[in-house]
Amino acid sequence: MDKLKGYMKSVTQKKYLPFWVFAVVMGIYHVIMREPEGSDAMWFFRNQLDTYTLTDYLNMRYDTWSSRLLIEAVLVYISRNILAWKLLDFVFWMFLAWALVWIFPEEKRETASCFIVGILLLYPMWDLRTAGWIATSVNYSWPLALGVFSLHGTARTFRGQKTSVYMWILYSLAALYAANMEQMAAVLFGINFCAAVCFALEKRPWKQYAGTLGVTAIAAAELIFIFTCPGNGARKEQEIINWMPDFGSYHLLDKVSMGFVDTMHHLIASGNLIYLCYTGCLAWIVCLKTKDVRIRFAAAVPVGMNLWFVAGSDMMERYFPGFFKLMEKNAFICGSNYHLAANYIPTVLYLLLAGCMLVSFVTVCESYFELFGQGILLALGLASRIVMGFTPTIYVSQERTFFYLYIIFGISGAFFLQQNFSLLKKHPRLYEALKLSAVFLVFIGVAANLAEIGSV
C-alpha cells in the first residue's frame, strides 16, 4: 500500500499535469468517435481476411497497390474490432505525447510537456478522419509515435548518455514499423543520417553511435523497398488516371513548385492554430531579443500574413478580387504557364514568408550549431509535405499529410521556448499573457475538435 501511495504521489506531481489533461481530452475524443460506414477500414480492410490469408493478401498488395506491408498487416486485423482500435489508439496518442517530451533533456521536460501537449491538443483531429479514423491513425499517428520513440537513442547519444542493447533493439523495431510509411521513412533517415555525420565529425568512436547507424540503415532499406515496390508504381499510374491526368507532363521543378505552393498556402490560409502559435511565439521571442525594427517586422510578417488570409479573406475578396482569385486558385509554376507573370506571385510571396522565418531563426538561435539543427528539423518537416508534389493525390489526401509538419512545429517551438525561458521570465506580465493566450487557444482547439468529432 505504501508503494502504491508513493507511486500515485509521484505521477500526480505538477510536472505530469499536462499528461493527465491530455489523457482526459483524448479519452473523451475516443468515446465519441464513430467510424464512418464508408471508410477504408469498413468497406475494404476489415473484409480482406475473409477472402485471403494474410500472406496472400500482402503479396497481392505488394504487387498491385502498396509497400506498406507492416502497416496493412496490422490494419486488416485492427479494422475488425473498433473497441480494440479505440483502446490502442488512445495508448498510441499518450505514447506520442510521452515520446515527444522525452526527447528533451530531463531538466527541460516540465516546460516542454506544456508546449508539446498544447500543440497536440491544438491539432485539428478531424484531419485524421478523411479516410476513416482507423485507417488514417494506423497509417499516420501510430508510425509517428513509434518513429519519435526510435529517435530517443540518437537523442541520448547526442547528450552523451549510454543506451543498452535491449533499448536499441526496441528502437530498431519501432523504426521498422514507422519507416514503412513513406513520409516517416524520409524523416527518420534524414535525422539519423545528419546525426551520424555530426557524430563522425566530432570524431566519436563509432561504437557510441552504432545504434544510430543501425536505425539509419533501417530507414534507408525501407526507402529502397518503397521505391522498388511494383505496387507503388501501379497505384501511381491508376491515381494519375483518376485524379491528375496532366501529372505525367510535370517535370521535377514543376512537382517541387506544386508541393511548395500547396504547403505554404495551407499553412497561411487554412486557419490552423498550430502554425499561428508557432510563428507567434517565434515573433515574440525575436521582439524580446532585438530592438531592430527591421528584424521585428520580418518576424511579424508570418503572423500578419496568416491573420490577413484567414480573418481578412472577405475584405481581400471585396477590394482585391484579382489577387484573391489568384491565391485561391493556388497556382504553381509549371511548363505550361511559366510565361504568365501572375503565376509567380504566390511563389514569390511564399518565398518571402520563408525568408522572414529564416531571419527569425538567425535572430533567436544562439549558435550556428543550433541554427543548423533547427534548419534541418524544419527543412525535413517542410520536405515531408512538399514531397507530396510528386504524387497525383496531393489534393486528395490534403489535410492528413500535414501531420508530421505540425508535430515538427511543436518540437521546434518547444525547443525555442526552452532556450529562451529565462528571457521570458524577465517579463512577467508578458509571460502571464502568453500563458493565458495559450490556454484560451487550446480551449478553442479542443472545443472545435469536440464539435467536429461529435458531428460524424
Side-chain angles (χ1 to χ4, degrees), residues 61 66-75 78 88-89 91-93 95-100 102-103 116 119-120 123 127-128 130-131 134-155 170-196 211-229 231-232 235 259 263 376-391 393-394 397-412:
R61 296 292 279 182
S66 178
S67 59
R68 300 181 188 177
L69 302 187
L70 293 176
I71 290 173
E72 293 207 1
V74 173
L75 194 50
I78 202 65
L88 278 174
D89 195 55
V91 170
F92 268 106
W93 275 100
F95 184 66
L96 173 61
W98 170 83
L100 287 168
W102 254 249
I103 285 180
I116 292 295
I119 289 294
L120 291 176
Y123 179 73
D127 285 359
L128 296 180
T130 49
I134 297 176
T136 308
S137 62
V138 176
N139 277 279
Y140 286 87
S141 55
W142 294 15
L144 176 61
L146 291 170
V148 173
F149 172 68
S150 74
L151 291 173
H152 282 197
T154 297
L170 291 180
Y171 296 146
S172 298
L173 292 174
L176 189 65
Y177 180 90
N180 201 221
M181 200 280 177
E182 298 86 356
Q183 286 178 295
M184 201 67 228
V187 170
L188 287 180
F189 177 78
I191 292 176
N192 284 289
F193 178 79
C194 290
T212 298
L213 293 174
V215 175
T216 305
I218 289 172
E222 292 259 23
L223 285 172
I224 294 171
F225 181 70
I226 290 166
F227 286 125
T228 57
C229 174
N232 287 339
R235 183 180 77 247
T263 299
I376 290 294
L377 185 64
L378 267 296
L380 286 171
L382 284 172
S384 72
R385 182 54 183 62
I386 292 173
V387 75
M388 291 301 298
F390 290 82
T391 69
T393 58
I394 180 174
S397 53
Q398 178 85 7
E399 293 85 0
R400 61 181 180 267
T401 57
F402 285 87
F403 190 38
Y404 298 136
L405 177 56
Y406 284 152
I407 298 303
I408 285 178
F409 279 149
I411 297 172
S412 175

message = Quick check for you: to the nearest 0.5 Å, what is the distance between I408 atom CD1 and L144 atom CG?
response = 8.5 Å
ask   = Taking atom CD1 of I407 and atom CG of L120, what is their separation to the nearest 0.5 Å?
value = 5.0 Å
key: R61 CZ to L75 CG distance, which is reported to the nearest 0.5 Å   = 9.0 Å
task = Might you work through the side-chain hydrogen bond (donor to acceptor under 3.5 Å, both in side chains) test for S67 and N232, ending with a clear yes or no?
result = CA-CA 6 Å; S67 59; N232 287 339; 3.0 Å; yes
inquiry  = Using side-chain heavy atoms (C-beta onward) and a distance below 4.5 Å, is L223 in contact with F189?
reply    = yes
ask   = Can any side-chain N or O of S412 pair as donor or acceptor with the backbone N or O of F409 at less than 3.5 Å?
value = no
message = As a quick check of understanding, evaluate side-chain hydrogen bond (donor to acceptor under 3.5 Å, both in side chains) for R400 and T136, giving each step before the final call.
response = CA-CA 8 Å; R400 61 181 180 267; T136 308; 4.9 Å; no
query = Of all heavy-atom pairs between L70 and Y177, which one has the smallest distance, and what is that distance?
reply = O-CE1, 3.8 Å
query = Between N139 and Y404, what is the shortest heavy-atom contact and its length?
reply = O-OH, 4.0 Å
key: Least distance between heavy atoms, V187 atom then S384 atom   = CG2-CB, 4.1 Å
request  = To the nearest 0.5 Å, tell me how far S150 OG sits from L176 CG.
outcome  = 10.5 Å
request  = Check I134 against S137 and note the closest heavy-atom contact, atom names and distance.
outcome  = O-OG, 2.9 Å
task = Decide if atom CZ of F193 counts as having more than 12 heavy atoms of other residues, nucleotides or ligands within a radius under 6.0 Å.
result = no
ask   = Step by step, would you call F402 with T263 a side chain to side chain contact (heavy atoms under 4.5 Å, CB included)?
value = CA-CA 8 Å; F402 285 87; T263 299; 3.9 Å; yes
key: Criterion side chain to side chain donor-acceptor pair (under 3.5 Å) against N192, the qualifying member of T212, T216, T154   = T154
ask   = Side chains of N180 and P143: closer than 4.5 Å at any heavy-atom pair?
value = no
message = A side-chain contact here means heavy atoms from C-beta on lying under 4.5 Å apart; do Y140 and Q183 qualify?
response = yes
inquiry  = Quick check: closest heavy atoms across E182 and R235, and the distance to 0.1 Å?
reply    = OE2-NH2, 4.4 Å
inquiry  = Let me confirm one number: the CD1-OG1 distance from I386 to T401, rounded to the nearest 0.5 Å.
reply    = 11.5 Å
message = Between L96 and W142, is there a side-chain heavy-atom distance shorter than 4.5 Å?
response = no
ask   = Between F95 and F92, what is the ring plane arrangement, given parallel below 30°, perpendicular above 60°, and tilted in between?
value = perpendicular
From L146 atom CG to L173 atom CG, the distance as rounded to the nearest 0.5 Å = 10.0 Å
query = Which heavy-atom pair separates F149 from A99 by the least distance, and what is that distance?
reply = N-CB, 4.0 Å
